[in-house]
Amino acid sequence: MKKPRHRSPSSQSMQGRALLTTALLVSFACPAASQPPLPQNDGKKHLGPSSCSGPVCHSAKQELANIYGDEWLVWREDDRHSKAYEVLKNSESKRIAKNLGYEQPAWEVGICLDCHADHVSKDMRGPRFKLSTGVGCESCHGGSQDWASKHDNVRPHSENLADGMYPADEPVARAALCTSCHYGNKDKFVTHRIMGAGHPRMSFELQVFSNIQPAHFVVDDDYLARGKKAEEGMKVWAIGQVMSVRASIDALLDPKRNRDGAWPELVLFDCHACHHAMSEKRWRSRASTGTLGPGVPRLNDSSFLMVRYAFTAVDADGAKDFAGDLNELHSAVSESEVRKRAVAIRMRDRLDALIPELDSWEVDAQAVRSVLKALLRDGTRGEFLDYAGAEQASLASQALFENLYTLGALSEATLDKVAAENETLLAIVADEENYSRAKATASFKRLAALVQ
Ligand code: HEC
Ligand code: HEC
Ligand code: HEC
Ligand code: HEC
């Protein structure tokens with residue numbers, strides 16, 4: 001028997017829940033020149049999910065050797081990606097398209113299809129390819145033209161990669177892939193105008209979202225034997241956060257995306273800095289925002305804050321510099337384009353140097369514990385007063401506690417308590433309209449007491 005896919009109660013309880021319905025800003029940015037092209041631009045023919053669904057391939061009723069064989073069934077039944085195109089036909093999408101003044105319906109608009117389907121150019125579509133299948137196998141695994149007939153459950157992963165399969169097992173590549181749609185990249189981006197027209201806010205965290213997709217793979221011995229990267233837990237969380245920040249910085253530096261006429265592009269800012277009742281006097285100074293005073297829109301820095309914790313674990317001095325840069329970025333954004341560019345570029349360089357360090361990070365229980373402690377301590381002190389920060393911290397808490405458990409450093413009994421408290425915290429951040437800072441802080445405190 002293969003290991004069950006969802007091992008810990010906390011990830012199980014998240015599965016199937018419409019999580020934090022909307023959310024954070026993340027986008028694809030390719031830090032290393034060596035990154036492979038994303039599936040959408042891989043130049044290979046995409047054959048469509050129907051070519052993957054054979055009964056001895058990915059819709060098997062019985063477990064196959066090495067893989068479950070039911071990946072297509074999981075995708076079709078439980079994975080929202082298979083519904084991503086259908087969503088473009090619903091009344092919400094009709095309203096968005098109408099509000100934006102599009103002449104075509106949303107399901108014919110290129111920018112919508114870019115994230116809601118496997119929107120490859122016409123010459124990359126095989127005979128059975130259909131846009132209507134939504135975000136399909138090849139949107140994540142790459143065009144299968146050169147590997148469809150060769151890949152089987154024993155072929156070494158490297159041979160599939162050489163034939164153009166996308167390395168979704170590698171955390172940096174996976175983060176680039178997911179964030180390309182869950183935040184946007186230079187080619188596709190959900191602007192404040194699109195959000196204003198009715199598009200939900202987007203939130204993303206690589207480790208938790210990889211589990212709740214739901215995962216149709218399991219990292220076990222045979223997975224490793226085929227030469228796949230077996231990263232899970234804190235490392236995937238950290239790399240996901242770095243890539244999110246990398247993507248925000250790219251958007252800040254991209255003249256096409258950082259402005260909307262005379263205004264800055266508002267989607268890069270903390271939504272709730274503007275969207276809340278005027279009677280609610282919520283402004284407080286906060287260490288991580290430096291000298292930025294009241295009444296100034298604030299960048300959405302939720303992932304920047306998460307990166308600081310991972311940074312501290314591998315390079316304490318670098319992390320201090322990064323924190324100083326973040327303070328500087330906050331004020332530079334509202335004061336000077338020149339300073340903003342300079343600090344953003346400096347931060348990008350720091351992150352590019354950090355990525356290989358995180359990629360080769362040997363994570364042990366002690367490391368997870370210290371990151372978790374620092375994060376929850378700051379949560380207890382009210383550092384995540386903003387909704388977006390609390391949301392990311394709650395996802396981090398889930399990913400890191402789970403990692404402690406998989407490393408054998410958390411008892412079943414404590415895990416149960418953690419899962420229950422994480423549920424409470426998730427419920428607090430799931431209701432964005434009624435987010436209570438006091439409740440979130442109290443929950444962080446109870447979680448902090450559970451770190452063993
Ligand atoms: C950069 C990628 C991207 C672009 C561009 C994009 N979307 Fe989305 N869209 C998403 C993601 C990701 C979600 C899921 C958000 C979540 O739940 O976290 C989503 C969610 C939605 C939803 C809500 C779906 C649901 O199940 O409730 C609708 C409706 C929607 N998009 C319509 C559109 C339309 C219409 C367009 C074109 C104007 C568009 N989207 C452009 C990525 C994108
Ligand atoms: C949203 C992205 C996404 C979509 C869509 C997707 N996958 Fe995956 N899939 C992944 C990720 C991430 C992994 C884990 C990394 C890896 O093993 O490559 C994975 C792993 C797998 C594995 C490896 C299991 C193992 O033990 O080696 C198979 C097989 C698979 N997917 C088949 C499919 C099929 C078939 C479809 C379409 C029905 C599909 N995937 C759609 C992201 C996706
Ligand atoms: C080609 C674009 C695309 C890629 C690549 C992609 N996603 Fe998505 N994802 C979407 C869209 C669009 C939706 C919303 C679909 C809907 O609501 O019907 C979505 C929804 C989801 C959801 C459900 C969110 C919720 O609020 O319930 C999860 C989880 C998710 N994606 C995880 C991932 C992960 C993990 C990866 C990378 C392995 C990934 N996605 C890659 C476009 C994409
Ligand atoms: C700098 C301030 C500011 C920030 C930051 C900001 N918005 Fe807005 N938003 C506005 C303004 C101004 C409007 C237009 C209000 C109107 O038309 O009455 C608006 C309108 C909207 C609307 C349309 C509301 C309606 O009445 O139809 C939505 C939805 C929205 N914003 C979502 C977001 C999201 C999501 C974010 C974060 C990603 C965000 N906003 C960030 C200022 C902001």
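Counting starts at 1 for both ligands and their atoms, in listed order. When a residue number appears, it is its place in the shown sequence, counting from 1.
At a cut-off of 3.5 Å, with distance as the only test, a side-chain donor of Asp114 or Gln40 sits close to an acceptor on the other residue. No hydrogens or angles considered: a donor-acceptor pair under 3.5 Å links the side chains of Arg339 and Ser331.
At least one heavy atom of Ile111 sits less than 4.0 Å from an atom of ligand 1. Within the 4.0 Å heavy-atom shell around ligand 1 one does not find Val109. The shortest separation from a heavy atom of Ala168 to ligand 3 is not under 4.0 Å, leaving the residue out of contact.
More than 12 heavy atoms of other residues, nucleotides or ligands lie within 6.0 Å of NZ in Lys83, so this atom counts as buried by the packing criterion. Other residues, nucleotides and ligands contribute only 12 or fewer heavy atoms inside 6.0 Å of the CD atom of Glu103.
The proximity of His182 to ligand 3, defined as any non-hydrogen pair under 4.0 Å, is limited to the side chain. At a heavy-atom cutoff of 4.0 Å, ligand 3 is contacted by the side chain of His81 but not by its backbone. Residue contacts with ligand 1, taken as heavy atom pairs separated by less than 4.0 Å, involve Cys112 via backbone and side-chain atoms alike. Residue contacts with ligand 1 for Ala97 are absent, since no atom lies close enough (heavy atoms, distance under 4.0 Å).
The Asp270 neighbourhood of ligand 4 comprises atoms 5 (C), with distances under 4.0 Å to a heavy atom of that residue.
Atom 8 (Fe) of ligand 1 has no N, O or S atom of Cys115 inside 2.8 Å of it. Backbone or side-chain N, O or S atoms of His199 reach atom 8 (Fe) of ligand 1 at under 2.8 Å.
Ranked by closest heavy atom to atom 4 (C) of ligand 4, the top entry among Pro297, Ala197, Cys274 is Cys274. For atom 40 (N) of ligand 4, the candidate residues are Met195, Arg201, His275, Arg193; the nearest heavy-atom contact is made by His275.
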Set out, in order, the CA-CA distance, both residues' side-chain angles and the distance that settles side chain to side chain contact (heavy atoms under 4.5 Å, CB included) for Val368 and Phe401, then state yes or no.
CA-CA 8 Å; Val368 181; Phe401 269 118; over 6 Å; no
Show your reasoning for whether salt bridge (Lys or Arg N to Asp or Glu O under 4.0 Å) applies to Glu433 and Arg201.
CA-CA 13 Å; Glu433 304 291 318; Arg201 188 179 67 92; over 6 Å; no
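Between Phe384 and Phe444, the ring centre distance stays below 6.0 Å.
Ring-plane geometry between Trp75 and Trp72 is classed as tilted, the angle between the planes lying from 30 to 60 degrees on a 0 to 90 degree scale.
Here Glu231 does not pair with Arg174 in a salt bridge; the nearest charged N to carboxylate O distance is not below 4.0 Å.
Remark: ligand 1 and Arg80 share an N or O pair separated by less than 3.5 Å (distance only, no angle test). Considering both main-chain and side-chain atoms, His192 comes within under 3.5 Å of ligand 4 through a nitrogen or oxygen pair.
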